[in-house]
Amino acid sequence: GANYPLYIRSTPTENELKFHYMVHTSLDVVDEKISAMGKALVDQRELYLGLLYPTEDYKVYGYVTNSKVKFVMVVDSSNTALRDNEIRSMFRKLHNSYTDVMCNPFYNPGDRIQSRFVCLGRAFDNMVTSMMIPVC
Amino acid sequence: MADEALFLLLHNEMVSGVYKSAEQGEVENGRCITKLENMGFRVGQGLIERFTKDTARFKDELDIMKFICKDFWTTVFKKQIDNLRTNHQGIYVLQDNKFRLLTQMSAGKQYLEHASKYLAFTCGLIRGGLSNLGIKSIVTAEVSSMPACSGVHVQNMQDCCTGTYKAMWFAASIPHHLYLAFLPCYPSQLLPLPCPSLIPPQQTPVCDAPLPVSMCSHCSTSAYE
């Protein structure tokens with residue numbers, strides 16, 4: 001299936017390309033985890049995948065919906081205050097907002113989610129903004 | 001109960017609206033079914049996103065079909081699918097003995113020729129839902145006797161590039177519910193029926209070997225024109 005991003009956003013905006021690359025490489029890890037789940041004896045039924053892989057500076061978390069939509073979150077390693085629960089709830093918010101976008105009749109499934117379309121992408125974008133912690 | 005009537009009435013108007021605009025030459029006659037099916041498809045995509053938001057991850061295809069038969073069907077039509085059968089090779093038959101969108105129409109063979117118009121949207125709904133869950137399918141419906149003991153055929157297709165597909169067959173012989181003609185909207189409330197539980201595929205007669213697509217049209221009404 002296609003693995004192009006429907007939405008990608010980073011803060012601060014410099015080094016955006018680095019984040020794009022990290023997200024892209026993390027997709028392989030996501031696929032690994034999903035296929036491992038299928039074969040595992042233990043029933044892993046959660047949508048939240050947890051920590052995908054840590055790097056020196058960042059931690060990458062994943063979440064895959066039943067509709068095969070993948071959410072990837074890259075968090076600064078120095079941010080030790082952010083706990084697993086909070087990551088989970090951020091993914092839940094993302095999932096809820098994505099569902100709203102999907103149910104909007106003016107959204108064409110597979111299109112990029114763009115905030116210039118008010119009432120379509122903007123609500124999603126604003127939700128993401130509210131979750132992002134500004135780097136001092 | 002009012003919310004059930006809302007969708008039913010809206011759906012009926014949708015069908016008649018599409019066909020009226022066809023008469024006025026806006027839409028070719030043969031494309032009405034396709035139009036309704038496509039509407040259902042888009043709605044199915046959105047609905048399935050909402051319905052699966054809080055469910056656990058599906059294990060496999062059968063898990064998904066059971067979800068469609070139980071949770072999905074209950075949320076949309078306020079009842080479960082009465083019978084699910086499969087040949088375990090990609091064909092699933094969903095049998096609904098009292099399909100909500102047809103119960104108001106007739107209790108026998110009357111209006112049977114129009115049934116396909118009222119099934120197109122639902123076929124699309126299923127196809128759209130399955131599509132967003134990663135299953136490419138063909139969904140066709142069959143009615144042998146109103147009110148909808150209609151079988152829904154889900155034909156599962158692999159990616160076209162692999163060149164293989166599985167075909168699924170539903171066969172449903174539906175008993176004739178005469179009493180429905182004389183009862184108000186929700187007969188199940190007045191005549192409580194034993195609720196047929198979802199029959200696991202292993203216990204039901206399995207269909208014959210998969211049939212190729214071209215043999216699909218032994219359905220009494222085809223969902224596509």
Side-chain angles (χ1 to χ4, degrees), chain A residues 1-3 6-7 27 30-50 52 61-71 88-111 113 119-121 123-124 127, chain B residues 3 7 10-11 14 17-18 35-73 75-76 121 124-137 156-162:
Chain A
N3 264 331
L6 293 176
Y7 183 90
L27 291 180
V30 170
D31 286 336
E32 264 174 44
K33 287 218 167 201
I34 298 285
S35 58
M37 257 181 226
K39 295 164 197 156
L41 295 168
V42 174
D43 225 14
Q44 234 289 36
R45 310 263 260 162
E46 272 201 280
L47 302 180
Y48 176 63
L49 296 179
L52 295 177
Y61 296 92
Y63 181 102
V64 181
T65 68
N66 269 317
S67 50
K68 318 286 186 234
V69 177
K70 300 164 186 133
F71 296 115
R88 272 171 204 265
S89 86
M90 282 159 77
F91 275 127
R92 290 303 301 165
K93 278 192 203 156
L94 275 171
H95 195 173
N96 288 340
S97 289
Y98 173 74
T99 304
D100 288 339
V101 170
M102 193 47 141
C103 291
N104 188 321
F106 298 107
Y107 173 70
N108 195 17
D111 285 353
I113 300 172
C119 299
L120 190 73
F124 189 86
M127 184 275 313
Chain B
D3 55 340
F7 174 60
L10 181 64
H11 177 260
M14 213 165 66
V18 167
K35 199 167 181 182
L36 288 164
E37 210 267 354
N38 287 339
M39 284 186 200
F41 184 83
R42 181 60 183 93
V43 171
Q45 287 182 304
L47 274 188
I48 210 75
E49 196 66 56
R50 222 174 256 299
F51 293 169
T52 59
K53 197 161 58 81
D54 302 306
T55 59
R57 193 177 299 285
F58 294 124
K59 277 187 294 199
D60 54 19
E61 200 175 86
L62 187 59
D63 216 21
I64 293 177
M65 292 313 298
K66 285 186 185 168
F67 175 81
I68 299 276
C69 292
K70 289 192 194 169
D71 303 287
F72 188 80
W73 216 255
T75 315
V76 180
F121 182 85
L125 203 69
I126 299 170
R127 192 169 65 88
L130 289 176
S131 160
N132 264 33
L133 293 176
I135 300 178
K136 277 199 198 133
S137 63
N156 202 313
M157 288 165 57
Q158 302 281 27
D159 284 354
C160 297
C161 57
T162 67

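Owing to the predicted nature of the structure, the values given are computational and were not obtained by experimental measurement.
The parts of B/Leu133 that come within reach of chain A are both its backbone and its side chain, each placing non-hydrogen atoms under 4.5 angstrom from that chain. Both the backbone and the side chain of B/Asp54 come within less than 4.5 Å of a heavy atom of chain A.
Among all heavy-atom pairs drawn from B/Arg50 and A/Asp100, the shortest one is NH2-OD1, 2.9 Å. Closest approach of A/Tyr107 and B/Arg42 over heavy atoms only: O-NH2, 2.6 Å. Between A/Cys103 and B/Gly46, the shortest heavy-atom distance links the atoms SG-O, 3.5 Å. Contact record, A/Lys68 with B/Gly134: CE-CA, 4.3 Å, taken as the closest heavy-atom pair. Nearest heavy atoms, A/Leu47 versus B/Lys53: CD1-O, 3.6 Å.
B/Arg57 is listed as a side-chain neighbour of A/Val64, based on a closest heavy-atom distance under 4.5 Å.
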Apply side-chain contact (heavy atoms from CB on, under 4.5 Å) to the pair A/Thr65 and B/Glu49, showing each step before the final yes or no.
-> CA-CA 9 Å; A/Thr65 68; B/Glu49 196 66 56; 4.2 Å; yes

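Proximity of a side-chain donor or acceptor of A/Asn66 to a complementary backbone N or O of B/Ala56 within less than 3.5 Å is detected.
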